[in-house]
Amino acid sequence: QRYGVEDKIILTLSNGLQNVPPELAQEIVLAGMGGELIFRVLTAVPWVKTGGCRLVLQPMSRAPELRKGLLKLGFEVLEEKALEDGSRVYSAFSARYIGNISSTGRLFPYMGKILPGTEAAEKYAKKVLSGMLGQLNGLSHKGKLEEASQLQEVAEEIKRIYL
């Protein structure tokens, strides 16, 4: 009422999207939770794959897993940006169901469609590289040298493009 939109929005109490009528969902915003939870919310209702609704997603963590999962389900990331909130940096992106798996490069799980050239993109790349360092150490300690080598190549490419 305060902002004059009471006749333009419908509020629904729901576990994820389970009680949301699909015909009312033109755009879905899922933000402020981990990528794994966002993925579970989306996969719990089959109607998000109708192609008619646009997703706006902002994972706080596990963005690579969310991006890879969406691709496997037939979603395409339309646009993505790195955004800063105080001292933190996140990615936010839009996606839509297209039904087939789109082709992406090897940086996609880590950097999505974030374009280089902004301070936020550079900070996001540093955040990603910090996480990759932990993965590299874990792979090396487990003796998975081939996987570690491939991940190191991706990290070097991220450094070259974004830093």
Side-chain angles (χ1 to χ4, degrees), residues 3 5 9 11-18 20 24-45 47-49 51-98 101-139 147-148 150-163:
Y3 296 102
V5 296
I9 61 172
L11 302 176
T12 304
L13 179 62
S14 179
N15 181 9
L17 297 170
Q18 293 175 4
V20 175
L24 297 179
Q26 296 166 356
E27 294 200 39
I28 298 170
V29 178
L30 296 172
M33 58 185 98
E36 69 281 0
L37 179 55
I38 291 173
F39 189 72
R40 281 199 314 267
V41 167
L42 292 172
T43 57
V45 289
W47 56 261
V48 297
K49 291 169 55 171
C53 68
R54 185 173 82 108
L55 307 175
V56 177
L57 309 173
Q58 185 274 303
M60 301 288 283
S61 62
R62 317 272 306 210
E65 290 85 348
L66 177 58
R67 289 184 195 106
K68 286 189 272 188
L70 288 172
L71 282 179
K72 286 181 185 174
L73 288 178
F75 285 86
E76 176 184 30
V77 172
L78 304 170
E79 179 183 9
E80 184 165 6
K81 295 188 186 260
L83 305 167
E84 295 182 76
D85 181 23
S87 63
R88 298 177 189 236
V89 63
Y90 305 101
S91 72
F93 56 93
S94 61
R96 185 179 305 273
Y97 182 74
I98 59 171
I101 298 174
S102 57
S103 135
T104 61
R106 65 184 188 163
L107 295 189
F108 180 78
Y110 305 98
M111 296 302 297
K113 288 193 171 182
I114 296 172
L115 298 174
T118 66
E119 187 177 334
E122 184 177 324
K123 287 180 180 180
Y124 188 79
K126 287 178 180 176
K127 174 184 171 180
V128 167
L129 289 168
S130 176
M132 290 174 91
L133 182 61
Q135 289 178 301
L136 283 166
N137 288 334
L139 290 170
E147 287 180 56
Q150 291 174 3
L151 190 59
Q152 182 64 46
E153 288 176 14
V154 171
E156 293 302 322
E157 193 171 345
I158 291 171
K159 286 180 192 174
R160 184 176 50 75
I161 294 171
Y162 290 90
L163 304 182

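Every value quoted in this text rests on a predicted model; they were computed, and no experiment measured them.
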Verify the neighbour count for atom NZ of Lys127: are there more than 12 heavy atoms of other residues, nucleotides or ligands below 6.0 Å?
-> yes
Take atom CD in Gln26; do more than 12 heavy atoms of anything else shown fall under 6.0 Å from it?
-> no
Check whether any side-chain heavy atom of [X] sits under 4.5 Å from a side-chain heavy atom of [Y], and report yes or no.
{"X": "Glu36", "Y": "Arg62", "result": "yes"}
{"X": "Tyr110", "Y": "Leu151", "result": "yes"}
{"X": "Ile161", "Y": "Leu107", "result": "yes"}
{"X": "Leu163", "Y": "Leu129", "result": "yes"}

Closest non-hydrogen atom pair, [X] against [Y]:
{"X": "Ala125", "Y": "Tyr162", "answer": "CB-CB, 3.5 Å"}
{"X": "Leu83", "Y": "Ala92", "answer": "CD1-CB, 3.5 Å"}
{"X": "Ala44", "Y": "Gln18", "answer": "CB-NE2, 3.9 Å"}
{"X": "Val20", "Y": "Trp47", "answer": "O-CZ2, 3.6 Å"}
{"X": "Arg67", "Y": "Ser91", "answer": "NH2-OG, 3.4 Å"}

What pairs of donor and acceptor atoms, side-chain ones from residues 113-120 against any protein atom, are under 3.5 angstrom apart with sequence neighbours left out?
residue : atom : partner : partner atom : Å
Lys113  : NZ   : Val77   : O            : 2.7
Thr118  : OG1  : Ala121  : N            : 3.0
Glu119  : OE2  : Lys123  : NZ           : 3.2

Nearest 0.5 angstrom please: [X] [atom1] to [Y] [atom2], how far?
{"X": "Glu153", "Y": "Arg106", "atom1": "CD", "atom2": "CZ", "answer": "5.0 Å"}
{"X": "Ile38", "Y": "Ser61", "atom1": "CD1", "atom2": "OG", "answer": "8.5 Å"}
{"X": "Leu42", "Y": "Leu37", "atom1": "CG", "atom2": "CG", "answer": "9.5 Å"}
{"X": "Lys68", "Y": "Phe39", "atom1": "NZ", "atom2": "CZ", "answer": "11.5 Å"}
{"X": "Leu73", "Y": "Ile98", "atom1": "CG", "atom2": "CD1", "answer": "12.0 Å"}
{"X": "Phe93", "Y": "Leu57", "atom1": "CZ", "atom2": "CG", "answer": "5.0 Å"}

For Tyr124, ring-ring contact (aromatic ring centres under 6.0 Å, His included) partners two or more places apart = none
Glu122/Lys126 ion pair, N-O < 4.0 Å | yes
Residues Lys159, Glu156: salt bridge by 4.0 Å N-O rule = yes
Across all chains, not counting sequence neighbours, the side chain to side chain donor-acceptor pair (under 3.5 Å) partners of Glu27 are Arg54
Could you go step by step and tell me if Met132 and Ile158 meet the side chain to side chain contact (heavy atoms under 4.5 Å, CB included) rule?
-> CA-CA 11 Å; Met132 290 174 91; Ile158 291 171; 3.8 Å; yes
